[in-house]
Every structure is written in structure tokens, then in C-alpha cells.
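In what follows, every chain begins at residue 1, and chains take the letters A, B, ... in the order their sequences are listed.
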Amino acid sequence: MKFKIKRFNEKNGSYWQTFEVPVRTAMTVLDGLFYIRENLDNSLAFRASCRMGICGSCAVKINGKPRLACETQLSKFKEVKIEPLDNFAVIKDLVTEFEGFFAKHKKVKPYLINPKISYENPVEQIQTPKQLKAYYDFTLCIKCGACYSVCPAGATLESYLGPAALASAYRFNADSRDHGKEERLKIVSQPNGVWRCHSAMECSEVCPKQIEPAKAIQLLRRATLR
Amino acid sequence: MRILGWFKYRSPFGMTFMFQRITGLILLFYLCLHLAYLTSLQEKELYEFFTSITVSKQFFIFDSLLILCGVFHGLNGLRIIIHELGFAHEHRRVVLIITGLLAVVAWLYGSYIMFLAIGD
Amino acid sequence: MIECDIAIVGTGLAGMRAGVEIAEKSRKVSVALISKTYPIRCHSVCAEGGSAAVLREGDSFELHEWDTVKGSDFLADQDVVEFFVRECPKEIIRLENWGCPWSRTADGKIAQRAFGGQSFPRTVFAADRTGFHEVHTLYERLLSYENVEFFNEFFLTNLAIADGRIQGISAIDLKNGDLEFFKAKAVILATGGAGRLYGFTTYSHQVTGDGIAIAYRCGIPLKDMEFMQFHPTGLIPSGILMTEACRGEGGYLRNRLGERFMQKYAPEKMELAPRDVVARAMWKEIIEGRGFESEHGPYIALDLTHLGEEKIEERLPMIREAAIKFAGVDPVEEPIPVKPVQHYTMGGIHTNMFTETPVKGLFAVGECACISIHGANRLGSNSTVECLVFGRVAGERALKFAENAKEPEIPKNFIKEEESRIYDKIGKGDENPHAIKKRLNEVMDTHLWIFRTGEGLKEALREIRELKRRYERVVISDSSRKFNVALLSTLEVGYLLDLAEVVAMGALLRTESRGAHYRLDYPARDDEHWLKHTLAYYTGKEPRFEYLPVTITKWKPVERKY
Ligand SMILES: Cc1cc2nc3c(=O)[nH]c(=O)nc-3n(C[C@H](O)[C@H](O)[C@H](O)COP(=O)(O)OP(=O)(O)OC[C@H]3O[C@@H](n4cnc5c(N)ncnc54)[C@H](O)[C@@H]3O)c2cc1C
Ligand code: SF4
Ligand code: FES
């Protein structure tokens, strides 16, 4: 199968290169990338670790849509075209700069705020399955960046916190054990926060973990209005 | 030109997002035209010149497209409002399809009325 | 040169837990968290099943101790185990306090389930994404401290040791390709296991034993490296883990004749016998021709169909997703094709029960260390919680050490030598490093697999040494600096080769069968001669071996039956 890959390095700039990869059954796009690195060109840069869709390293644009390379079966396609994610600066080949993305996540205070807990003598808190369910789906974000790469608000405003960070803010605000809701609402209602969202819904569409960040953003908006 | 980020086609939702912007711009343009039209009421010749080109069978296609822009922009706006209130995110595909169907029906009906009006 | 008080290399569960401990105890010391991936991309996110802790009526510390010691085939140090089981519950509750979404019982308490080799269902879990939630909880907690700084995508290359103590480390900054030096009073190694020695493994691609090999080359002994755990149920063909919880929740293993063959091997515990027992039973079924056939080789069926869709969706959602995505099988409808798979590195850097290595100021913790609670066979769900318990201990000890330590000084010649080693010496030949790794994987998958023989091990050693010779002529064809993955994978292969030699030699010398190490030519456990830890020292040529007695307090070795 033909792998058409958009490559980039400092010396040669950006260019397309095509590789021929032999395909076995149950082979993924990531397996194909490894095949290229191991047999055809060992300089091909891409990120990958878990190969089971849980670490979030391997999001790239495959045939126009951002997907996890490790979760995408080759049998779906006749040919694959692979590019780095949009809205992220490219470092080399398919590897993009994620520092800013993680910095935004940090900005929303994505940790449980509860002044009552004790480090030395921790006590179990009660949380019913129903309370757990209220936020659980939003804990599943693997920070792959797919959502940010298709977000039109992120494309036009570099400082926009973005779907993943905002979904994370909502995750903690919806947690029955948390006491930091006010702080977080203040952060997300700034000009680079929830009001920047144009409801294009692309984030929810491409999210490989079906997180529905767009919904989280709207629920946060509702909360800021209270 | 980061604004071009708005006009990249991706999923059906990205497409409606893009069309929402485009139809918005078209409606804005039409609004300007419409204002010019109204201003022209003060001068008879100009008004007649305008009507002679716009109220005609040939121009009907533009009227019809304008209706399409209007109903799409309006109905899609309603769709977005539903989601912005935090509802029906899980059913967004169904909502999109319904919006599309409604838009087509409204467009055809509107065009029909318009067509009859010109036919007179 | 980057200066910090404490450098933690590796941001898996162990490294991050150490970071939290330090930050909680002191807002003054500066902590650098260094890792070759982003923290939440570490291998620990893959852990699925759960973490063991004694929380409820009916269970007791003694039971947890006994299960662990018996599971280890009596090679675990019992004083360490005693300490360990008493700390586990606190760690689980701390994570709960920091936001970990543990699965709950109907009345809102932390839920538990059964795992292999346990006398009480004591595994705490967060659906089947336990490691994922634990990692995210710790990472997020770390974001709340000001004296913690992350250095993401920095690849550890060496330890600077002088005057018998640690002075700092060197690491490649992948984004620009420069070699950076970190000056630190104390260093904690938490770089994870060495699973990618094997081809069919549950490990992430990045688990290449770097930290273990680097410590080894610096003269620190490695303990019990011949003990490699094989998990019974790896998905075919990728090796993705089908968690033990599948059987904990009531799944069956069946051979081609439809029999639940565990009846023959462990009539009491059946599918929930410890991993080494189940893995051997499955391999035996396969060898004796009772496995299913497929284009990816023989396999055994993991049958969950009788659990019903509702239970599978609630308790094992990720397993279902993975089986559908990676093997095209929906476990609600058909059994999952599995076979035993390499899964855990019991051995590692030799430490005492306070995570201290023989080098002052250097600590090792998590899977890269061998503090020896797993002995010859780890019990499922004991290792994530090991990372938490001893991560805390490592943090505490490192902090104490750093607070009283003299200013470190990285020797000038260390800097020069390391730079020339990385940029000038490696990679001037013509051998493809990936081809070497592939061959190494094949050798390990054949000769150092579940059943081992003296002949096979000798053959493996010969092959590994041949590969080491080839490695000296390895080529790095990419000379650019930024994100040079060719350089990276070449270094990783070098580390793997060193470790492979230690594993193979240790296994050849150990003429008995204990836990996960099973010799067909010595099928019995031999407490008289081999109730001792293996220590391997780097010499530049062959590793040198010494042995260390096992600490036995309460539990005298008895026959291990399930
Ligand atoms: C599929 C799977 C499922 C598992 N399920 C369970 C379970 O249910 N219960 C249980 O108790 N245990 C389980 N385990 C075992 C457990 O997950 C691991 O033992 C544990 O997570 C190891 O954590 P760690 O912190 O030691 O290392 P890791 O999480 O492997 O982290 C290593 C860190 O070191 C960094 N690093 C490595 N090399 C370098 C270098 N050269 N330079 C810089 N940084 C480096 C990496 O970037 C990473 O951050 C499972 C293991 C696997 C493979
Ligand atoms: S919300 Fe979804 S798409 Fe965005 S980073 Fe998280 S997992 Fe990826
Ligand atoms: S490699 Fe981890 S998500 Fe794909």
C-alpha cells in the first residue's frame, strides 16, 4: 500500500514522500509507520508509545482527518496520506510542538481543589456511582490534540484555551468532591475561554475517545452565567 | 491569515460552520444592496432601473439562492442555539439532518411563492 | 547546565509519586521531572486491571502478605512485603483524595474485585483504565505545585557519579538535539521495565530498559533479571493486554476441544491461579496441539460471552473496544483469541528497602528497580501500588538526602566524554539497528520464553553476543539534530542488548524452576541451592554474578499449590 507522508525538516523544508508498505491483516497505520522507520527510512519522525489508543502520542492527520495512528486499521483505505496535525507548529515530520497545548491545560487548574484533605492522614470520601457518572466521561481525555487541531477558534486565536483544556475544567467542576468551581469559572470566562467557542462542533466529531468537549464548553458557559 | 482557519472543509459540522460564515457574508452583502435599494426610492429613475433588472425571470435564480442563504442561516442558527444551551450534543447528527431537511423544505416553499409572485 | 536539588528521571507512576511526596513536604527544594515522553504518555497509562490494597472487613495485612510471598515463590524479601502491604491502603485513599475516579460500590465506597492469586478480592480499580486514571491524577496533582518543573522529551543518557555519590545526569533534549546536563544533589531513577526485549509483549514501544542498563553500566548491580513475567492473555496479533480482570470478572479459558483446561492444572483457583501457572498451562495446551489455529499462529480462547453485554460494558469497556478495534472480535458475541505474552520485568536495579542504590544520593523505584516484593513472580495489581508506595519512600529519602548534601559538581571530563560518545562515536558503521533489535526479539521470544532449557539458553547467549558485535558497527544515517529518532532507537537497542545478556546468563546459571523462571531440564524448585537473589555486575565484558540471601521472617517456604 502507498503511504504518502508530508515530511519536514530544517534542511529540506516541507515535502511529500511516498513509501510502499507491505500489508498484513489487522495492521494499523502506526504499524506501517514503524515498518517505514525500520526498513526504509530510519529518520522518519513520529510519536508513538502505547499502540493501544490510551497514551495520546500518535494523533496525526490521516486522509484529511485527525486520528490516532495506532487505532486506525489499514484495511479501511486503499492509500494513506499522512500529515502532521494542523494548528500545531511542526518540529520534524509528523512531530509537533505540544508544550503550549499542555500549558493551556495547566491554566484551568485541572486538579481537585479541596482544602479539607490531609496528606498525612487521608480519609476516604464517599462518591456514589451516580455522582461519578456526572463527570466520568470527561476524565477519558488522552490529550492527543486532535480536537485542537480542527478547532476554528484555535486557528484564529492562538491563546484560545481549546476544547481539551476546557473539557478538563468541566470535569473537575462536575466532580462532587471539588471545591474550586469559582476559581475555575473565573479562568474559563476570560476572553480566551469558553466565549471564544463558535460551536463548530469539530472537536466532538474528531475526538477518538468520544469526549464531547463541545458539550463541556456549553455546560461551562451555562455555569458562568449563574 | 489565520482567519482562513475558518474556511477549511472537514466534517459535515465543519462544513455547516463554514457555510454559516459564508451565508452570513452574503446576507450582509444583500443587506447593503437592500439599503441602496431603499435609498433609491427617493429617485424615480434609479428605482426603475433597479427594478428592471431585479424583478425578472432571469434574476429569479438569485432570489432563490438568497432565500436558501436566509433559511439556512436562520435554521442553522437555531440548531447552534440548541447546542449552545447544552442540549442534544449526543444527537447532533440527527439534529443536523433535521435542520438540513427543514431548510430544503422552507427553501422550496419560499422559492415557489416567489416564483408565483414574479409570474404575476 | 540545568541546576536542581532533585532530579527525577521517568514520569510514570513511580516517578510522579516521588515528585508529589517531595513537593508536599517541601516548597523550597526544586524538583526536575525528566522523561523521554510527555508525562501522561508514559507506559503506566496502559495498566488496566487495578491496584491491590487491604481496605475492608474480612481481608487482612497478613493475607495480603501471604498472597504476595506465596505468589513470589518465596523469593520476595518478607520484611519489604510487610512494610509494603501496610502502606497500600493509604496510597489508594490519597489518590482518591486527589481526584482519582475509582469505581464505586452502590453506597459510594471504593469498589474492589478479584485478581489472580488473591485470597480476598482486594483489587481497587477505575473501570479497566486504572493506570490511566492514576497517572492523570498524579500528573494533575503535580501541576498544582510551584517548585516542580517538567522537562518533557529529554532522553537520559548517563549518570554522573564521582566521589561515591551522584552529581547529576546527562540527557538529550529531543526537540533541539542538544545534550543537556542536570546538576542534582539527589537523583531518582524511575524509568520503567525492559519489556521491549521481547517481540510479543504487552509493553509500550518506549519501554526499553534505558534506566536499568545505564545504572548497570555505571557499576550498579542488577537483581533477579532472569525473572520475566508472562501474562496469560495477550491479544493476537498485537500483544495488547486483555486484563486479568477478564477472568476476575468470571471469564473462562478454553482450548480447541472447548474444555476449561485449568481444571487439570489448578483445580481450586481455576482461571484465577497466578499468572505463571496459567501461562504455563496455556503454553502446554498449545504445544500439545489443543490450541486453535490461525494465520497468526496458535491461540487459546478467552470466553466472556456468558457475562452478558451489560456487565462487559460496565466493567470491561476498554477490553471490548480493543478486541473489536484490534482483532475484529466482539467479546459479547465470540471468545477473544489470546496467548501468553511477556508482561513484566520482576528484576531491576538493586536497591534496599528504602529504594537506595549502592551509590549515595541515587535512588531507584518502580519497575526499573528490584526492591524485591515480587520475587520470582509478581501478583497482578501489586505493581502499580508498588510504584505508589515506594515512589513516596523514594521521594522522602531523596529529600532528606538532598537537604543535607553538599553542592554537587559534574566533572569536566564527564561532559566532554559524554558529548563525544553520543555525537562522534556511535553510528559510524553499516548495520541497521532495527534489524538487530528484530533478531534480538526473535531470540528472546524463542529461548527466553515460558519454558527454558540449558541448550536453548546457551544458544541465546551465543546469538546475543553475536548481535552485540554487530551493534558495534551500527549506522545512524540521520545526522540532523532536531528529534533524531534514528539516534534514539540506536541508543535504545544498545541498552536492550546489555540487558538481554544479563537475563540470558542469569537464567542459564539458575538451575531450578521458580515462579516465572521455568527450566524444562530442572523442573523443580531447589530451595537448598537457589533460595537467593541473583546480582549481576557490569565488567565491560561478560557480566559477573554474585548472590544475596532472601530475607525470610514469617513465612517458611512450602510447596506452592493453587
Ligand atoms: C499492559 C499492562 C497492564 C498492566 N496492568 C497492571 C495492573 O492492572 N495492575 C498493576 O499493578 N500493574 C500493571 N502493570 C504493570 C505496571 O503498569 C507497571 O509496572 C508500572 O506502571 C511501571 O511504572 P513505572 O513508573 O515504574 O514506569 P513507566 O510507567 O514505564 O514509566 C517510565 C518513565 O520513564 C521514562 N523514561 C524511560 N527511559 C527514559 C530515558 N532514557 N530518559 C528519560 N526518561 C525515560 C518514560 O518516559 C516514562 O515516563 C501493567 C503493565 C502492562 C504492560
Ligand atoms: S478531547 Fe478528545 S480529541 Fe481532544 S485531546 Fe482529549 S481525547 Fe484528544
Ligand atoms: S500510540 Fe498511544 S495512543 Fe496511539
(message) For A/Asn42 and C/Ser477, which I'm curious about, is there any donor-acceptor pair between the side chains at under 3.5 Å?
(response) yes
(request) Side-chain contact test, heavy atoms from C-beta onward, threshold under 4.5 Å: evaluate it for A/Tyr111 versus C/Trp98 and give yes or no. (result) no
(message) Is the shortest side-chain heavy-atom distance between A/Phe8 and C/Lys482 below 4.5 Å?
(response) no
(request) Could you tell me which residues in residues 159-167 of chain A have at least one non-hydrogen atom under 4.5 Å from a non-hydrogen atom of chain C, sorted by residue number? (result) none
(request) Begin from the C-alpha positions of A/His105 and C/Leu143 and carry the test side-chain contact (heavy atoms from CB on, under 4.5 Å) through to its verdict. (result) CA-CA 10 Å; A/His105 173 235; C/Leu143 294 179; 4.0 Å; yes
(message) Quick one, A/Lys143 and C/Tyr139 - any side-chain contact, counting heavy atoms below 4.5 Å?
(response) no
(request) Could you check if a side-chain atom of C/Lys325 sits within less than 4.5 angstrom of a side-chain atom of A/Gln73, using non-hydrogen atoms only? (result) no
(request) May I ask you to check whether over 12 heavy atoms, not counting those of C/Glu146, lie within 6.0 Å of atom CD? (result) no
(message) Pair C/His136, A/Leu140 - check side-chain contact (heavy atoms from CB on, under 4.5 Å), show working.
(response) CA-CA 10 Å; C/His136 280 243; A/Leu140 298 180; over 6 Å; no
(request) Applying side-chain contact (heavy atoms from CB on, under 4.5 Å), run through C/Tyr38 and A/Glu99 and close with a yes or a no. (result) CA-CA 9 Å; C/Tyr38 279 93; A/Glu99 288 297 328; 3.2 Å; yes
(request) Would you check if C/Asn97 and A/Gln125 make a side-chain contact, meaning some heavy-atom pair closer than 4.5 Å? (result) yes
(request) Would you check, one step at a time, whether the test ring pair (Phe, Tyr, Trp, His ring centres under 6.0 Å) holds for C/His434 with A/Phe34? (result) CA-CA 10 Å; C/His434 296 291; A/Phe34 270 112; 8.3 Å; no
(request) List the steps, then state whether side-chain contact (heavy atoms from CB on, under 4.5 Å) holds for A/Thr128 with C/Arg104. (result) CA-CA 7 Å; A/Thr128 63; C/Arg104 304 282 179 155; over 6 Å; no
(request) Could you tell me whether the side chain of C/Arg41 and the main chain of A/Cys55 form a donor-acceptor pair under 3.5 Å? (result) yes
(message) Using side-chain heavy atoms (C-beta onward) and a distance below 4.5 Å, is A/Met52 in contact with C/Cys46?
(response) yes
(message) Between C/Glu295 and A/Arg24, does any NZ, NE, NH1 or NH2 come within less than 4.0 Å of an OD or OE carboxylate oxygen?
(response) no
(request) Can you tell which part of C/Phe483 gets under 4.5 Å to a heavy atom of chain A, answering side chain, backbone, both or neither? (result) both
(request) Report yes if the side chains of C/Glu153 and A/Arg47 come closer than 4.5 Å at any heavy-atom pair, otherwise no. (result) yes
(request) Ignoring hydrogens and angles, state whether a donor on the side chain of C/Ser480 or A/Glu10 is under 3.5 Å from an acceptor on the partner side chain. (result) no
(message) Using side-chain heavy atoms (C-beta onward) and a distance below 4.5 Å, is A/Arg177 in contact with C/Glu96?
(response) yes
